[in-house]
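Below, chains carry the letters A, B, ... as their sequence lines are ordered, and counting in each starts from 1. Because only heavy atoms are used, hydrogens play no part in the values below, and waters and symmetry mates are left out as well, while side chains stay in.
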Protein chains: 2
Amino acid sequence: MALMSVRPHLQITQIVSPNPRIHTKTTSHYNNPLTRFVSFRSMSAVKGRGGCSVIRSSLIDPDGGPLVDLVVPERERVARRGEAEGMPKVRLGKIDLEWVHVVSEGWANPLRGFMREDQYLQSLHFNSFRLDDGSFVNMSLPIVLAIDDEDKEAIGSSPDVALVGPNGDLVAILRSVEIYKHNKEERIARTWGTTAPGLPYVEEVIAPAGNWLIGGDLEVLEPIKYNDGLDHYRLSPRQLRKEFDKRQADAVFAFQLRNPVHNGHALLMNDTRRRLLELGYKNPILLLHPLGGFVKADDVPLDVRMEQHSKVLEDGVLDPETTIVAIFPSPMHYAGPTEVQWHAKARINAGANFYIVGRDPAGMGHPTEKRDLYDPDHGKKVLSMAPGLEKLNILPFRVAAYDTVAKKMAFFDPSRAKDFLFISGTKMRTYARSGESPPDGFMCPGGWKVLVQYYESFQAEGAGQPAVLSV
Amino acid sequence: MALMSVRPHLQITQIVSPNPRIHTKTTSHYNNPLTRFVSFRSMSAVKGRGGCSVIRSSLIDPDGGPLVDLVVPERERVARRGEAEGMPKVRLGKIDLEWVHVVSEGWANPLRGFMREDQYLQSLHFNSFRLDDGSFVNMSLPIVLAIDDEDKEAIGSSPDVALVGPNGDLVAILRSVEIYKHNKEERIARTWGTTAPGLPYVEEVIAPAGNWLIGGDLEVLEPIKYNDGLDHYRLSPRQLRKEFDKRQADAVFAFQLRNPVHNGHALLMNDTRRRLLELGYKNPILLLHPLGGFVKADDVPLDVRMEQHSKVLEDGVLDPETTIVAIFPSPMHYAGPTEVQWHAKARINAGANFYIVGRDPAGMGHPTEKRDLYDPDHGKKVLSMAPGLEKLNILPFRVAAYDTVAKKMAFFDPSRAKDFLFISGTKMRTYARSGESPPDGFMCPGGWKVLVQYYESFQAEGAGQPAVLSV
């Protein structure tokens with residue numbers, strides 16, 4: 001076997017830029033930025049053949065085989081519900097239910113339920129699962145269900161358990177369960193790279209949870225609905241793939257966000273589409289994919305964000321013909337480089353083969369120190385190295401800021417840094433609260449109005465900083 | 001692509017037992033314990049052919065290509081030293097020097113120096129490196145060199161740096177250096193799964209270290225020697241492979257330890273050899289491989305352990321004909337499931353294709369809570385799942401204890417648990433201190449005498465517990 005060099009360029013070459021000529025942060029080892037474009041299967045498929053059936057098969061394969069669908073078929077629901085009635089019951093929290101939703105639709109493909117211990121350990125230590133054929137799928141966040149001593153006792157040696165929603169309704173069956181220890185400290189340390197108090201997901205979910213985890217295969221009794229007026233935005237990976245096919249997409253680029261869309265984001269998304277067209281794609285479709293599950297208290301709530309996103313499309317900042325807006329039902333961990341892998345992996349399952357990654361993805365301020373919790377560059381670096389994500393084309397986000405000369409959002413040009421204004425979340429909130437307008441061109445008027453109305457009603461003084469320049 | 005099941009048995013089947021019939025802790029998914037024996041390449045090679053040349057090539061391949069040898073050839077040393085004199089200098093601590101030693105001999109193959117950032121991130125997040133051919137080698141511990149602000153300033157933009165030993169002597173050159181941030185909290189959390197104060201390696205090495213890491217390619221000016229009377233035990237991976245060839249080994253089983261060898265360990269090692277013979281190997285050789293680098297203050301010092309191990313061979317408890325005793329020069333992290341991967345990986349590079357793993361490998365008590373820091377079963381589970389270790393046969397350690405009926409160390413039989421006596425480190429120390437003998441058959445008399453003499457001279461009252469039943 002030849003000597004394999006282990007050099008910095010090994011992984012970094014796998015970060016590709018839409019246009020390598022203007023990729024400002026190349027490394028000296030940046031060899032062939034088109035490697036992953038060239039190997040992208042749908043490109044040749046579309047060029048070689050054509051027609052709807054080819055386009056359909058050109059979407060990227062889900063991770064580890066066909067998409068799982070863990071919702072019990074309608075005709076079997078009554079019987080299955082009857083069976084569940086007789087099982088020991090575990091009560092789900094709101095966020096547990098979000099995970100049931102996520103797993104049931106195949107976002108975590110090929111995962112079929114809450115993780116058993118061997119899956120949990122692989123996720124925690126390696127951020128990936130090894131499959132039977134020796135290949136890896138990415139799986140960076142433990143998707144687990146915690147129970148307490150009483151639950152464990154009540155379950156006893158029962159192989160199956162019924163899961164009950166926060167409102168007391170039967171939601172799912174967990175089959176062939178395995179109960180194992182929930183070492184919270186280790187889980188937190190290995191997932192977040194810190195155990196400092198004040199991590200939102202830890203405070204909300206892990207700290208109050210029991211000392212056991214229960215894994216097993218999910219059978220969900222009916223599709224999870226929230227009845228909040230937004231369910232029509234909650235397209236499953238299967239529904240999204242169908243929609244991409246319908247629009248005859250030959251490339252799908254996903255944009256994960258949990259903040260309002262400003263014109264800097266829009267610039268980036270439109271620019272990405274332009275570059276994909278230049279590369280020979282005929283119809284790249286944008287998946288504008290706001291996260292819809294748990295977010296920390298000072299993030300803008302989902303309903304406000306969805307209204308804001310609607311206005312952005314109505315105002316023509318993004319083209320509705322080539323954009324699909326849908327909700328990604330996952331809760332947010334704020335676990336930086338570990339979580340961004342999950343965000344990317346889930347979008348593979350929804351059919352996206354290009355993933356846009358920005359500065360400090362899924363990051364936040366350190367909960368107890370005056371610094372970012374993560375190195376802002378680690379997210380995209382780790383994403384480019386992550387086992388199981390080799391087939392995804394990573395598009396590094398170029399920083400956009402307000403260009404005071406051009407009077408619009410533009411890609412930051414370090415050679416005339418003084419012309420650029422970075423509008424932080426705090427700054428944006430100050431504008432919105434005071435009724436003052438941000439600089440012309442920062443955000444479309446319709447979208448801005450939604451935020452002003454929200455911040456006017458937002459009474460919690462002294463809350464954290466929704467970072468409007470983040471996604 | 002067929003649906004890949006992600007089930008608990010996926011990885012667990014890769015734990016093989018020397019004799020599946022008496023493997024007491026099988027899981028229900030324990031399918032084919034011989035899978036990895038059957039695929040072991042040297043077995044068929046030896047059976048199919050024979051003779052010295054075949055045996056030589058039957059040793060397991062080093063990770064990622066031929067063994068590196070980073071020591072400058074003798075004829076070039078004067079020139080290289082002259083060159084180094086003119087470079088910015090970084091002073092190494094004692095443990096940094098141990099790492100220089102480890103890397104220079106290929107224990108961390110194919111790593112050629114201190115990790116650059118992309119290697120560090122892969123190690124931290126994935127415990128493995130992806131190589132150019134898409135395969136993985138295991139790399140669970142960050143092997144890094146920390147520098148402070150002053151060092152960084154002094155280095156400036158110099159591509160190469162000279163490394164100076166703790167005594168001020170020139171030791172090595174680090175080429176094409178890369179300096180990046182040392183986020184200690186994140187490194188500690190992801191490596192140990194805790195940030196609790198009191199982790200020995202953290203207190204000794206990381207806490208006092210600088211806020212930068214410097215990676216680069218090592219050129220070591222001459223072989224690292226300790227001049228402590230034990231250097232003849234410090235065989236490099238290359239020397240060990242030569243020795244295994246000389247002895248015509250067709251299987252090499254490694255036993256990592258940092259404690260005295262008692263008869264329970266010996267039972268296990270002898271039993272492993274017997275089972276390998278049963279499986280058709282003609283000459284399995286034991287690598288008894290005590291860790292020789294940094295250990296915590298209450299572990300038995302290396303010189304005492306080496307003397308004790310000598311007595312064990314002299315007393316005939318282990319057969320000198322089929323045993324090689326050598327020092328593994330790595331420092332100890334006490335990082336449990338993360339570290340055991342390093343211990344196993346390094347032994348692949350030395351030619352071992354079987355690795356014995358016990359309860360709670362590389363574990364210790366939680367530094368601030370009254371519990372084990374790690375789940376005692378996680379080490380062997382994680383080892384069996386670890387990317388890059390697929391080619392290594394993992395032999396789970398069966399617990400041995402003192403059988404008060406048979407009056408000897410024996411494999412623990414849970415059906416007559418009351419007959420067994422677990423002799424803890426504390427208990428052993430109490431025996432040794434008081435001059436009282438342990439039960440007959442616990443340890444060979446020669447080995448025991450070495451310990452008594454050590455503990456008699458050991459004045460530090462109230463120190464921790466060297467766990468004699470651990471390895």
Of all heavy-atom pairs linking B:Ala386 and A:Phe126, the shortest is CA-CZ, 3.5 Å
Rounded to the nearest 0.5 Å, what separation is found between the CG atom of A:Asp118 and the CE atom of B:Met385?
4.5 Å
Rounded to the nearest 0.5 angstrom, the OG1-CZ distance for A:Thr338 and B:Arg190 is 3.5 Å
For the atom pair NE2 (B:His125) and CD (A:Gln341), what is the distance rounded to the nearest 0.5 Å?
7.5 Å
Rounded to the nearest 0.5 Å, what's the gap from CG on A:Leu121 to CG on B:Leu383? Could you check?
12.0 Å
Would you mind checking which part of B:Thr191 comes under 4.5 Å of any heavy atom in chain A, side chain (CB onward), backbone (N, CA, C, O), both or neither?
backbone
Considering only NZ, NE, NH1 and NH2 on the basic side and carboxylate oxygens on the acidic side, decide whether B:Lys181 and A:Asp375 come within less than 4.0 Å.
yes
Restricting to non-hydrogen atoms, name the atom on A:Thr195 and the atom on B:Thr195 that form the minimum distance, rounded to 0.1 Å.
OG1-OG1, 2.5 Å
Take B:Leu124 and A:His378, measure what side chain to side chain contact (heavy atoms under 4.5 Å, CB included) needs, and give me the verdict at the end.
CA-CA 12 Å; B:Leu124 208 58; A:His378 280 188; over 6 Å; no
Under a 3.5 Å threshold, yes or no: a donor from one side chain and an acceptor from the other, between A:His366 and B:Glu185?
yes
Could you walk me through whether A:Asp377 and B:Glu117 pass the side chain to side chain contact (heavy atoms under 4.5 Å, CB included) test, one step at a time?
CA-CA 11 Å; A:Asp377 289 327; B:Glu117 192 184 36; over 6 Å; no
What is the distance from atom OG1 of B:Thr194 to atom CD of A:Glu186, rounded to the nearest 0.5 Å?
9.0 Å
